[in-house]
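Report on one structure; see the data block that follows.
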There are 2 protein chains.
Amino acid sequence: MTGQVRTVDGRVAGRRGQETRQKLLDCLSEMLSSSPYRDVKVIDVARKAGTSPATFYQYFPDVEGAVLELAEQTAAESGGLAELLEGRSWAGKSAWQTAQELVDGFLEFWRKNDAILRVVDLGAAEGDKRFYKIRMKVLNSVNNSLADSVAALQAKGRIDKDVNPAAIAGSLVTMLAAAASHQKGFSSWGVKQAELKPSLALLVHLGVTGKKPAK
Amino acid sequence: MTGQVRTVDGRVAGRRGQETRQKLLDCLSEMLSSSPYRDVKVIDVARKAGTSPATFYQYFPDVEGAVLELAEQTAAESGGLAELLEGRSWAGKSAWQTAQELVDGFLEFWRKNDAILRVVDLGAAEGDKRFYKIRMKVLNSVNNSLADSVAALQAKGRIDKDVNPAAIAGSLVTMLAAAASHQKGFSSWGVKQAELKPSLALLVHLGVTGKKPAK
DNA sequence: CGGTAAGCTGACGACATGACAGGACAAGTG
DNA sequence: CACTTGTCCTGTCATGTCGTCAGCTTACCG
């Protein structure tokens, strides 16, 4: 799956090299959580990893290159999000539970990978194709699943024919992602986490099924 | 209203000084649209403005300081967003129109101020209080208005008592802002702008009124 | 015309960047 | 055990940005 890991100058990395490389990635990840992306410097990452800047450049072209690598790793782990919807039903009472569990799982995933996802989001918003490819990869499973559900209910005539299922699904997924990023912002509006979740679940439910949840 | 403009070292800026300062801000704004925030350098902004880096530091402590200033200006212009909802009704057919016009106006505002709002969003997501204060200022008028409408309908028993109006409103506003930032991302999902807008309007309508629009 | 304050810049030390050549180290070979 | 080989890491250097300061230029006013 993962083609051999290579250094910038083309050599294949051995055991020791891969360890160093991973350590650099780990330290970078930590730095991203504790300081703004703009202020992350190669020299700091290297120092934190107990190595030198030159070593960093042996494995990554620059900070952005390493960030992309981290983002890819995160995207690879995002498969778990798909399970939140696999085999779930959007009918009757179970729909409300499905919505709640989706919101829960989604926020949890975002909270865990908070720092790197923030950078991915920025890169995507700035129009960098590499980043929004990754962003898509992360959101795709949930997005497709939601779109399918909307399309299915649409076929039953429960939802207006001329809305695009992918657009509804995309809007909902975008909302979840943004809400997760701005949880602190909500508290400034006097909204606590515990109050935010049901609201998001309600909106997801409304968006997918077109009607209020039957609790 | 605007307290006197001052240089970093405390002098009051005169006519010429204010011109230079504004020119630097304009150039910074342009640079933000054309290159990633991370890569915006003082020296480039200064060169573009036909002046020297030292001059830049006379008016702003650093790039971030200038960005905050730009963001404040944008926030000040965000009053227009309030008008999108002033005196509008969420009853019957007019509700659908209200929702559509809100989405239209919101996306338009975001498109216009795209670059700076992106940076504000990042700053807020990174937990910088100065930035999320500004983000709140921009979103507040719409958010409060929506929250009031939800609360009103809630009083009439049309919406579940135990959802927090501010949480619903905040979620919707957050969705609009994020959708506006990621319009390119939607096109990768095969969703065109023209299809996105009605979906967002639908979700807003559902969220505020709790039921499908009567077109 | 001379004084004063605003406005601007050249130059500088400090530091991050990114490239290279060469030293350190582990593993295999005779 | 000495020797070779290839991986891995670092010291060092040219380049370029950062942020500061002293001092020159410009505008305004009596």
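Chain A is the first sequence line, chain B the second, and so forth, proteins listed ahead of strands; every chain is numbered from 1.
Residues A:Asn140 and B:Trp189 bring a donor and an acceptor atom of their side chains to less than 3.5 Å of each other.
Within the structure, every side-chain polar atom (N or O) of A:Thr20 is placed at least 4.0 Å from both OP1 and OP2 of D:dC8. In this structure, A:Ser52 does not reach the D:dG11 phosphate: none of its side-chain N or O atoms is under 4.0 Å from OP1 or OP2.
Whole-Å rounding puts the B:Gln22 CD to C:dG7 P distance at 15 Å. Here D:dC18 presents its C1' atom at 16 Å from CD of B:Gln58, a figure rounded to the nearest Å. The CZ-C1' distance, from B:Arg47 to D:dT17, rounds to 10 Å in whole Å. If you take NZ of B:Lys23 and C1' of C:dC8, they are 14 Å apart, rounded to a whole angstrom. Whole-Å rounding puts the B:Ile43 CD1 to C:dA11 C1' distance at 13 Å. The distance between atom OH of B:Tyr57 and atom C1' of D:dC21, rounded to the nearest whole Å, is 14 Å. C:dA19 atom P lies 16 Å from atom OH of A:Tyr59, rounded to whole Å. Taking atom CZ of residue B:Phe60 and atom P of nucleotide C:dG7, one finds them 13 Å apart after rounding to whole Å.
The CG atom of A:Asn143 lies 9.5 Å from the CG atom of A:Asp148; values are rounded to the nearest 0.5 Å.
When atom types are taken as modelled, the side chain of B:Ser171 and the backbone of B:Ala167 share a donor-acceptor pair closer than 3.5 angstrom. Under a 3.5 Å cut-off, the side chain of A:Ser145 and the backbone N or O of A:Val142 do not form any donor-acceptor pair.
Of the two residues near DNA chain D, A:Thr55 and B:Pro53, the one whose nearest nucleotide lies more 5' is A:Thr55. Between B:Phe56 and A:Val63, it is B:Phe56 whose nearest contact on DNA chain C lies nearer the 5' terminus.
Comparing C:dT9, D:dG19, D:dC9 by their closest approach to the side chain of B:Thr51 singles out C:dT9. When distances run from any side-chain atom of B:Ala54 to the nucleotides D:dC18, D:dC9, C:dT9, the shortest one goes to C:dT9.
Proximity of A:Gln22 to A:Asp26: side-chain heavy atoms (C-beta onward) are separated by under 4.5 Å at one or more points.
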